[in-house]
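Below you'll find the structure, written out as structure tokens, and then a few comments.
Quick note: numbers below take in every heavy atom, side chains included, and nothing from hydrogens, waters or symmetry partners. In what follows, chains are A, B, ... by sequence order, proteins preceding strands, each numbered from 1.
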Amino acid sequence: MIRVTGLEKAFGPLQVLRKADLEIRPGEIVALAGPNASGKTTLLRCILGLVRADAGLIEVCGSPVDAKGAYRSRIGYMPQTASFPRNLTGEDLIAFVGGLRHGPRRADQALLESFHLLGQMQKPLRVLSGGTRQKISAVLAFLFNPDVLIFDEPTAGLDPVSSSVLRDQILAARAAGKTILLTSHTMSEVEEVADRMVFLLEGRINFNGTVSALRDQTGERSLERALATLMRGNEL
Amino acid sequence: MMGRIIGYQMRDVIRGRSVPLFAVVLAALVFLMTELGGEGPRILVSLLNVNLLLVPLVSILFGTLYIYHAWEFIELLLTQPLGRKRLFVGLYIGLVLPLCAAVAIGLGAPFAPAVVRGALPASLLAVFLGTCLLLTAIFVALGFLIALRYDNRLRGLGIALAMWFLFTVVYDGVALFGAFAFRAYPLEKPLIALMMLNPVDLSRVAVLLQTDTSALMGYTGAAFSRALGGVRGLSVSGGVLFLWLCVPFFFAMRRFSRRDF
């Protein structure tokens with residue numbers, strides 16, 4: 001479970017998050033949406049402990065987000081860009097991160113096979129394509145069986161087959177009772193996997209409900225148009 | 001856990017071409033100087049000035065560029081269950097150790113036969129290598145500090161280069177100008193104090209005082225010799241250089257622990 005209460009963050013004079021409240025329950029997928037600079041990434045980074053909030057409270061599986069970072073053993077994170085040490089192999093990388101998490105030092109073969117990564121893991125990461133590195137990043141997120149999964153634009157840079165595999169893995173994780181938070185600009189993906197949408201605008205949570213509730217509220221059938229209507233409504 | 005970070009970091013750095021290439025360049029430089037001018041302390045003193053330019057430059061650039069290049073991976077590591085200070089120390093040592101190994105092999109190995117033949121005092125080589133290793137660690141820490149302070153990579157690289165230029169060229173010019181302008185006054189003590197404020201100058205004097213060259217420095221040389229010569233003086237130089245390592249390292253670690261990523 002992720003619980004965010006009264007979260008505030010400013011970078012200098014720029015107020016990025018304003019009293020954001022959010023709760024994501026186990027077995028739920030929440031998609032974070034909003035225009036550029038709405039505070040999505042900052043919210044994700046606050047939960048991950050990369051950015052320190054000015055005010056408010058974040059709890060992950062009942063543990064407060066603090067500098068010690070022990071709570072992060074419950075989180076699997078897939079960043080938007082998979083950037084790894086160039087001269088390590090995929091196997092090295094998994095052993096490295098596995099060692100830091102006191103988790104497995106070798107990737108689950110079935111997980112690797114599902115992403116068509118068998119045969120790629122012995123190669124230096126510098127020779128792998130961006131998409132392949134992104135798949136390794138997905139494997140790292142799932143590998144340690146975390147209770148909470150956070151994805152930042154997970155399918156950006158992935159081919160359709162790999163995107164589909166990743167979506168299936170995300171749905172399987174939901175079925176296993178994982179708490180999942182993701183950001184995506186691909187609305188079809190959000191429609192397919194998300195139970196709930198949280199729409200951020202200028203650091204405030206402007207909408208928090210199901211996709212169908214958003215459609216009802218805006219009177220639009222397409223999710224993309226519904227979000228655009230929500231944004232325009234706030235501009236007027 | 002820190003050992004694991006150091007281990008994998010070293011594996012990545014050593015498998016890259018840059019650090020082994022640095023060792024080869026340093027070794028080639030020693031062989032070239034030996035070919036041109038014989039062997040022994042004279043070559044080492046000639047090499048000193050080249051190394052006091054090259055080692056800080058390569059180290060500060062390695063430190064700065066490493067943080068910038070590894071930024072996204074560092075973010076990923078920060079999402080793992082480990083403290084920021086541990087991660088910082090691991091990343092720093094993982095980079096400094098291979099660089100120090102490159103310096104020690106590149107500069108030490110070619111001189112080893114001269115030490116064995118007795119053409120070069122082992123103590124002189126040890127001081128020379130020791131100062132080069134400390135300079136490597138100091139300038140990598142400065143590089144880390146700059147990269148963590150300035151998010152703009154071009155600006156950060158510019159500041160790193162400016163800092164190297166300040167320590168290796170500008171500082172000497174200013175000190176020389178000051179010594180000339182106030183030549184009527186006894187300047188030995190202020191000059192020794194000025195020396196302490198620049199790790200490159202301090203390293204140079206620490207090595208020179210182990211050779212006969214210091215005898216040519218007249219009264220100033222005698223004053224330096226009193227302050228920085230002998231075992232006590234070497235301990236003072238080593239202590240000040242170690243302090244020079246601790247200060248940027250501490251501020252870089254503090255910045256790493258407190259900043260938003």
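- For R259(B), the CZ atom sits in a packed shell: over 12 heavy atoms of surrounding residues, nucleotides or ligands are nearer than 6.0 Å.
- Counting heavy atoms of neighbouring residues, nucleotides and ligands inside a 6.0 Å radius, atom CZ of R126(A) exceeds 12 of them.
- Residues L50(A) and D260(B) form no side-chain contact, since every pair of their non-hydrogen atoms from C-beta on lies 4.5 Å or further apart.
- With a threshold of 4.5 angstrom between heavy atoms, L93(A) approaches chain B through side-chain atoms but not through N, CA, C or O.
- Screening R74(A), R101(A), K68(A) for a side chain to side chain contact (heavy atoms under 4.5 Å, CB included) involving P81(B) leaves a single residue, R101(A).
- H102(A) NE2 to Q80(B) CD: the interatomic distance, rounded to the nearest 0.5 Å, is 11.5 Å.
- Residues of residues 62-76 of chain B lying under 4.5 angstrom from chain A, judged on non-hydrogen atoms, are H69(B), E72(B), F73(B), E75(B), L76(B) by number.
- Counting heavy atoms from C-beta on, the side chains of L78(B) and R72(A) never come closer than 4.5 Å.
- Within the 4.5 angstrom heavy-atom criterion, no atom of I150(A) approaches chain B.
- If you tally non-hydrogen atom pairs under 4.5 Å between each of S137(A), G69(A), S73(A), P85(A) and chain B, the highest count goes to P85(A).
- Only the side chain of F11(A) has a heavy atom closer than 4.5 Å to any heavy atom of chain B.
- Residues of residues 5-19 of chain B lying under 4.5 angstrom from chain A, judged on non-hydrogen atoms, are I5(B), Y8(B), R11(B), D12(B), R15(B), G16(B) in numerical order.
- With a 6.0 Å radius and a threshold of 12 heavy atoms from other residues, nucleotides or ligands, E202(A) has its CD atom at or below the threshold.
- By the 6.0 Å contact criterion, CD on E113(A) is open, its count of non-hydrogen atoms from other residues, nucleotides or ligands being 12 or less.
- In this structure, the portion of R45(A) lying under 4.5 Å from any heavy atom of chain B is its side chain and not its backbone.
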